[in-house]
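Comments concern the structure below.
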Amino acid sequence: MKNINSESNLYYQDYDEIHEECGVFGVFDNSGEDVAHDIYYGLLSLQHRGQESCGIATCDTHGERGNLCLEKQMGLVTEVFHEKNLKELKGNMGIGHVRYSTTGVSSVENAQPLAYFYKKGTMGLVHNGNIVNSMELKKSLYDDGYMFRATTDSEVIAYLISKERACSSSIEEAVIKAAPKLVGGYALIIMSPRKLIVVRDPLGLKPLCIGKMGTKYVVSSESCALNAIGAELIRDVEPGEVIVISKDGLKSDKSLCEKKKAHCVFEYIYFSRLDSVIDNISVFSARFKGGQALAKAYPVEADIVTGVPESGMCAAQGYAKESGIPFVQAFHKNSYIGRTFIKPTQKERESAVHMKLNVLADVVKDKRIVLIDDSIVRGTTMANLITMLRKAGAKEVHIRISSPPFLHPCYYGTDVPDNSQLIANKKSIDEIRQMIGADTLGYMRVEDLSEMTGDLPLCKACFDGVYPTETKF
């Protein structure tokens, strides 16, 4: 536990690039009650967005100015936090973060929240996303005497805000000046000694919503975390909107909002939890409709439809509903094994598949199976699953993927940094089918993505190479 109330050094490992998908959470309670436990439960509900490190920072808006309590460590939320250190996190305002690192060294030095000190005060910050012009900003800040080494995107944002704060009348004014200089996807919660400032990127790439429970305002990456503490979803933060939460309530500034929007389609395909509602779209409904679209585009004669737990299950139900083929559960999932997608080495990914999923042999024996998953990135996991099904007696295995082929890198905060790890970038669909050992293979068509989310403007750059920002790296 660190009780921070004076100038302090920041501990951050240098990275050339950081690609991450994280979760942020914040609470402001006007009654003065401590909020650490609320943040703890919120982070538990966002654990799927980051499983390597987590942290909570709190502040008492009625207490000593600038006092900030911080706890962050490597590990899951239940491993890091317990009753003793939660009680030590005093304050009626706080922010929390779960981190999912994908490149570089995973270490506590890169865990959030970030605590930052500058001439006019103290700032805590949590951030989800990637700032694609961070190198340009680092150079500018370095030239102005603010930085002396390469740093994370989150620290770049903190330095940029502190620079603007020097010539601003308030922290929110500084944030509004700094935000237009950030290119990329970001969901930010900034904590000053008296208020929370909430910012969402103008394109809406990263999700962020606002809820309320009694005297508490709650901010979260996903609405499922609001439900966890009994808060009611008020609305999504609008792309480009800056919201200030203080003792005076909620104040919105929409001066940075733009007409162009590009919401991340992968939030609906994979990232978000099933019970979340993002930008007025139910994640469950989006995935179910995606499965229906797959069944229309790629019909096949089969005995059963099943999905890869968990994110393939809804699409599988949609496929079954549209095709008339019975939906069954063909895998038992060990819920205590982490996502294979976030394992740092190929060997760990391969071995984890067998620990994580086991085939229900009685269900698949002598059956023609349609197996639905959300994506194929490298192909190894799917090849292992097909092998497991065939060893259990499956006659045929037809693969349907509820996203188009992953052809291009994402610069806004997902896992794959370059084309070298994208199997669909190097092989044709039939070559992929042969490599994974499937009888047939069908991907969601790019033009069918609108079946999932209606007229919501989407970023589909990882599929079609059309990036919503000019700067990509």
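The chain is numbered in sequence order, starting from 1. Predicted model, so just to flag it, every value in this text is computed and none were measured.
Counted within 6.0 Å of CD on E447, heavy atoms from surrounding residues, nucleotides or ligands total more than 12; the atom is thus considered enclosed.
A salt bridge links D34 with K90: the closest approach of a Lys/Arg side-chain nitrogen to an acidic carboxylate oxygen falls below 4.0 angstrom. For E172 and R165, the salt-bridge test fails: no basic side-chain N is under 4.0 Å from an acidic carboxylate O. A salt bridge is defined here as a Lys NZ or Arg NE, NH1 or NH2 lying under 4.0 Å from an Asp or Glu carboxylate O, and R200 with D279 meets this definition. The existence of a salt bridge linking K163 and D144 is confirmed by a sub-4.0 Å separation between a basic side-chain nitrogen and an acidic carboxylate oxygen. A salt bridge links K181 to E164: one of the charged nitrogens lies within less than 4.0 Å of a carboxylate oxygen. Between E222 and R49 there is a salt bridge, since a side-chain N of the basic residue sits under 4.0 Å from a carboxylate O of the acidic one.
Aromatic ring orientation, F81 versus Y40: perpendicular (interplanar angle above 60°, classes split at 30° and 60°). Ring geometry for Y116 versus Y159: interplanar angle over 60°, hence perpendicular rather than tilted (30 to 60°). In this pair, Y411 and Y467 present their aromatic rings tilted. The plane angle is within the 30 to 60° band.
By the side-chain contact (heavy atoms from CB on, under 4.5 Å) test, A231 is found to be paired with M213, V218, L226, I229, residues two or more places apart in sequence or in another chain being considered.
You'll find the ring centres of F284 and Y268 outside the 6.0 Å limit.
Residues E83 and H37 bring a donor and an acceptor atom of their side chains to less than 3.5 Å of each other.
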message = The test is side chain to side chain contact (heavy atoms under 4.5 Å, CB included); show your working for H97 and C54 and say whether it passes.
response = CA-CA 5 Å; H97 190 268; C54 59; over 6 Å; no
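Considering every non-hydrogen atom in both N128 and C22, the closest pair reads OD1-N, 3.1 Å. Here the closest non-hydrogen pair linking G96 and I39 is CA-CG2, 3.8 Å.
Geometric assessment of K212 against the ring of Y217 yields a positive cation-pi assignment under the 6.0 Å and 45° thresholds.
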